[in-house]
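First comes the structure, then the notes that go with it.
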2 protein chains.
Amino acid sequence: MNYIDTLQKYNLKITPQRLEIVDILYKDGHTNIDNLYDKLKQKFPTLSLATVYKNLNLMCEKDFVSEVKIPNQKSVYELTKTEHAHIVCVKCGTILDLILNTDDLVTNIKTTTDYDILSSVIVLNGICPRCKDI
Amino acid sequence: MNYIDTLQKYNLKITPQRLEIVDILYKDGHTNIDNLYDKLKQKFPTLSLATVYKNLNLMCEKDFVSEVKIPNQKSVYELTKTEHAHIVCVKCGTILDLILNTDDLVTNIKTTTDYDILSSVIVLNGICPRCKDI
DNA sequence: CTCTGTGCAAAGCGTTTGCAAACGA
DNA sequence: TCGTTTGCAAACGCTTTGCACAGAG
């Protein structure tokens with residue numbers, strides 16, 4: 001994965017901080033600000049939290065990164081992918097992506113409500129297989 | 001609707017402020033803190049925002065009230081009802097309740113992911129019939 | 001009478017802003 | 001070189017806390 005091209009595609013100048021942000025998001029899948037900042041700090045001890053905020057906000061504006069609001073948790077960030085749902089394990093907090101076919105659902109809602117549906121946010125709360133066994 | 005019984009059921013003492021909070025939530029369906037506070041202020045000019053926060057937090061803890069997190073908007077509060085989805089009009093901000101049968105979806109996810117699903121949060125973004133015509 | 005709720009002010013916390021210096025193109 | 005990004009500190013806005021007084025049971 002070439003993060004340089006990706007950043008340039010979104011008109012974001014290449015900086016070491018940004019490359020690392022993208023790398024962490026890519027590898028972690030979902031990260032909240034604090035986690036991200038902690039990891040970045042290891043590589044850039046002088047890094048400012050403000051820089052992380054500025055970059056995430058910018059990347060979200062450009063729709064290169066997406067913010068995922070999880071009930072009762074801090075927002076997490078992910079590289080923007082095709083629309084998908086999230087399953088959150090209420091015990092360990094792990095977040096799993098889930099590609100759902102919501103076509104039927106959306107068609108159904110369109111006819112019953114007469115709304116034009118643009119997007120859907122689906123978050124499921126559950127217990128992951130690992131936590132079930134504990 | 002007898003709000004007094006309802007409050008007592010949740011072990012909440014009856015106060016004029018609380019009765020009015022419940023009344024507004026009941027009539028509005030979905031309200032954010034600012035709206036709620038503005039309306040309450042008309043009846044209780046000395047009301048403190050802190051009181052509204054304290055009460056909402058308490059009512060949410062007791063699951064009498066639910067917080068609904070909407071992407072790119074402040075949370076709104078509603079009296080806890082049976083699980084349902086929300087459609088948000090991206091133009092006018094109106095929120096509509098939608099009772100969806102998610103049984104198929106949930107069963108499907110349970111088998112494919114092996115997660116126990118406890119609850120689901122579904123928010124749809126769209127354009128309401130009224131805004132479509134403008 | 002006792003315990004809880006209210007209102008006020010202050011504190012707390014996460015996020016944003018302004019600015020000078022450093023850096024990327 | 002010029003415009004952007006960084007890091008720092010201060011400001012900001014929302015939410016929570018502590019406390020004295022008022023009110024509910």
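In this text, all values refer to a predicted model and were calculated from it rather than measured experimentally. Below, each value reflects all heavy atoms present in this structure, side chains not excepted, and no hydrogens, waters or symmetry copies. Every chain is numbered from 1 and lettered A, B, ... according to where its sequence line falls, protein lines coming before strand lines.
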Expressed in angstrom and rounded to an integer, what is the separation of [X] atom [atom1] from [N] atom [atom2]?
X: B:Glu67; N: D:dC14; atom1: CD; atom2: P; value: 15 Å
X: B:Leu19; N: D:dG23; atom1: CG; atom2: C1'; value: 14 Å
X: A:Asn55; N: C:dG24; atom1: CG; atom2: P; value: 13 Å
X: A:Glu61; N: C:dT16; atom1: CD; atom2: P; value: 10 Å
X: B:Gln17; N: C:dT4; atom1: CD; atom2: P; value: 17 Å
X: B:Leu7; N: C:dT4; atom1: CG; atom2: P; value: 16 Å
X: B:Leu56; N: C:dG5; atom1: CG; atom2: P; value: 14 Å
X: A:Leu12; N: D:dT5; atom1: CG; atom2: P; value: 7 Å

- prompt: Does the side chain of B:Glu83 come under 3.5 Å of the side chain of B:Ser119 through a donor N or O and an acceptor N or O?
  reply: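 B:Glu83 vs B:Ser119: no donor-acceptor pair found between side chains.
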
- prompt: Does a donor on one side chain sit under 3.5 Å from an acceptor on the other, for A:Tyr77 and A:Asn32?
  reply: no

message: Could you see if A:Leu79 belongs to whatever hydrophobic cluster contains A:Val76? Use Ile, Leu, Val, Met, Phe, Trp, Tyr and a side-chain cutoff under 4.5 Å.
response: no

- prompt: In Å and rounded to the nearest 0.5 Å, what is the NE2 to CG distance from A:His86 to A:Leu96?
  reply: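 Spacing of NE2 (A:His86) from CG (A:Leu96) equals 9.0 Å.
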
field: First of B:Lys13 and B:Asp34 reached from the 5' end of DNA chain D, by closest nucleotide
entry: B:Asp34

message: Both B:Leu49 and B:Ile14 contact DNA chain D. Taking the nearest nucleotide for each, which residue is further toward the 5' end?
response: B:Leu49

Salt bridge flag under 4.0 Å for residues A:Asp23 and A:Lys27: yes

message: Once salt bridge (Lys or Arg N to Asp or Glu O under 4.0 Å) is applied, do any residues pair with B:Lys81, and if so which ones, sequence neighbours excluded?
response: B:Glu78, B:Asp97

Nearest of [options] to any side-chain atom of [X]?
X: A:Ser48; options: D:dG7, D:dT6, C:dG7; answer: D:dG7
X: B:Lys74; options: D:dA24, D:dC14, C:dG14; answer: D:dC14
X: A:Lys54; options: D:dA24, C:dC19, C:dG24; answer: C:dC19

field: Nucleic acid contacts - residues 36-47 of chain B versus DNA chain C, non-hydrogen atoms under 4.0 Å
entry: B:Thr46, B:Leu47

query: Is there a side-chain polar atom (N or O) of B:Thr15 under 4.0 Å from OP1 or OP2 of C:dG5?
result: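 Answer no for this pair, as no side-chain N or O of B:Thr15 is under 4.0 Å from OP1 or OP2.
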
Tabulate below the donor-acceptor pairs under 3.5 Å that side-chain atoms of residues 43-52 of chain A make, not counting sequence neighbours, or state none.
from: A:Lys43; atom 1: NZ; to: A:Glu20; atom 2: OE1; distance (Å): 2.9
from: A:Ser48; atom 1: OG; to: A:Ala50; atom 2: N; distance (Å): 3.0

